[in-house]
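To start, the structure itself, in structure tokens.
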Amino acid sequence: MAHEPKTLAEAIPYFTNPDNCVDYLAVRRWRHGVVCPTCGRTDASFVPSRRLWQCKSRHPKAQFSIKTGTILEDSPLGLDKWLPVMWLAANCKNGVSSWEIHRTLGVTQKTAWFMLHRIRLGMQDDNSGGTLSGEVEVDETFIGGKARNMHANKRREKIHGRGPTGKSVVMGMLQRGGKVRTAVIENRDKETLQSHVRQNVSTGSQVFTDELVSYWGLDADYVHQIVNHAEEYVRGNVHTNGMENFWSLLKRGLNGTYVSVEPFHLFRYIDEQAFRFNNRATKEQNVTDADRFSLLCSQIVGKRLTYAELTAKEAKIPEVSF
């Protein structure tokens, strides 16, 4: 395999070669040798003329490609288009819009939108690393509902302001020096918030929250400390500035890049931002753009999102403007 790209400028010409595309993904998908996604055999032979593998077992899916069993399956677009888009999605701090991909690649905006949602599925973390521990910041925010960005008819239908009316609630938990976990929640009730904390944070950890009454009672299982934002934002080590930083990055992308997001899809955009945040460069670890892209390529296996699932009409919710 040729020298792997380290920047987008290197990635674009590198992935114009279909053999480079297959080689790059194959190494990350099968670190210990090619495995048939249907039967699990490890002795499949490669067919260079078609860039696919032939399993020696006799079953209907004996031939498989690098796309089989991934978010790329059944896509008519070549890897020369998919991989640069994945690079952009993994590394653009504020995200990249479907209109930008549409203009850059020459595909339809609908196709670009579908591509980005499939990539966001690949970015999702299964939280298999266990619970958060140590010092954990917990906070929630409201997304959407700005009246000035709405059509006049919608503006008259509902009363919008700085409160929660017409907005989605998102909860976040950040282990300092570690990862963030997020969830779109129905409300900010005590049962809802504390249930998420107990599911994701190890007992005995230090938990920092604001003065919201719904967090009262966490001191039974955690070292719970509160910062009253009406009086101060930092008191020594007690603050939620890390989570506030994440919300700022998230809203910058939603407001400036995506502009309009349906609540039905909101969790996908949050997962995208969480992926970039959790794999950011820190003082402890120098994560490069190439590293983030490589990680994304290793996470696309075993995930599938069809257009019918993505546009399920019965689950649709009216748009929220940012």
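Just so you know, these numbers come straight off a predicted model, no measurement behind them.
Here R252 pairs with nothing under the salt bridge (charged side-chain N to carboxylate O under 4.0 Å, His left out) rule; sequence neighbours left out. Not counting sequence neighbours, the partners of K179 by the salt bridge (charged side-chain N to carboxylate O under 4.0 Å, His left out) test are D125. The side chain to side chain contact (heavy atoms under 4.5 Å, CB included) check on Q285 picks up T282, V287, with sequence neighbours excluded.
Considering V34, I66, V35 in turn, I66 is the only one that fulfils the side-chain contact (heavy atoms from CB on, under 4.5 Å) rule with R29. Partner H265 forms a ring pair (Phe, Tyr, Trp, His ring centres under 6.0 Å) with one of Y258, F114, W113 and no other, that one being W113.
The two residues A290 and W87 have their closest heavy-atom pair at CA-CH2, 3.9 Å. Of all the heavy atoms in I71 and R118, the pair that sits closest is O-NE, 2.8 Å.
One finds no salt bridge joining E272 and R268 here, because no Lys/Arg side-chain nitrogen approaches an Asp/Glu carboxylate oxygen to under 4.0 Å. We find that R292 and D289 are joined by a salt bridge, their nearest charged nitrogen and carboxylate oxygen being less than 4.0 Å apart. The pair E73-K61 does not count as a salt bridge, with every side-chain nitrogen at least 4.0 angstrom from each carboxylate oxygen.
The shortest side-chain heavy-atom distance between Y269 and R120 falls under the 4.5 Å cut-off. Contact annotation: the side chain of L266 approaches that of V170 to within less than 4.5 Å [non-hydrogen atoms, C-beta and beyond]. Taking the side chain as every heavy atom from C-beta outward, E100 and L88 never approach each other to under 4.5 Å.
For the residue pair S294 and D291, no side-chain donor N or O sits within less than 3.5 Å of a side-chain acceptor on the partner. Under 3.5 Å, the side chains of T192 and N187 contain a donor-acceptor pair of N or O atoms. Residues T108 and T111 bring a donor and an acceptor atom of their side chains to less than 3.5 Å of each other. Counting only N and O atoms by type, the side chains of Q109 and S98 include a donor and acceptor under 3.5 Å apart. For the residue pair R50 / Q63, a side-chain donor-acceptor distance below 3.5 Å is found, with atom types taken as modelled.
Aromatic ring orientation, H229 versus Y233: parallel (interplanar angle below 30°, classes split at 30° and 60°). In this structure, W53 and F64 have parallel ring planes: the angle between them is below the 30° cut-off, well short of the 60° mark. Ring pair F277/F246 is perpendicular by interplanar angle, where above 60° counts as perpendicular and below 30° as parallel.
Separation of the Y14 and F293 ring centroids does not fall under the 6.0 Å cut-off.
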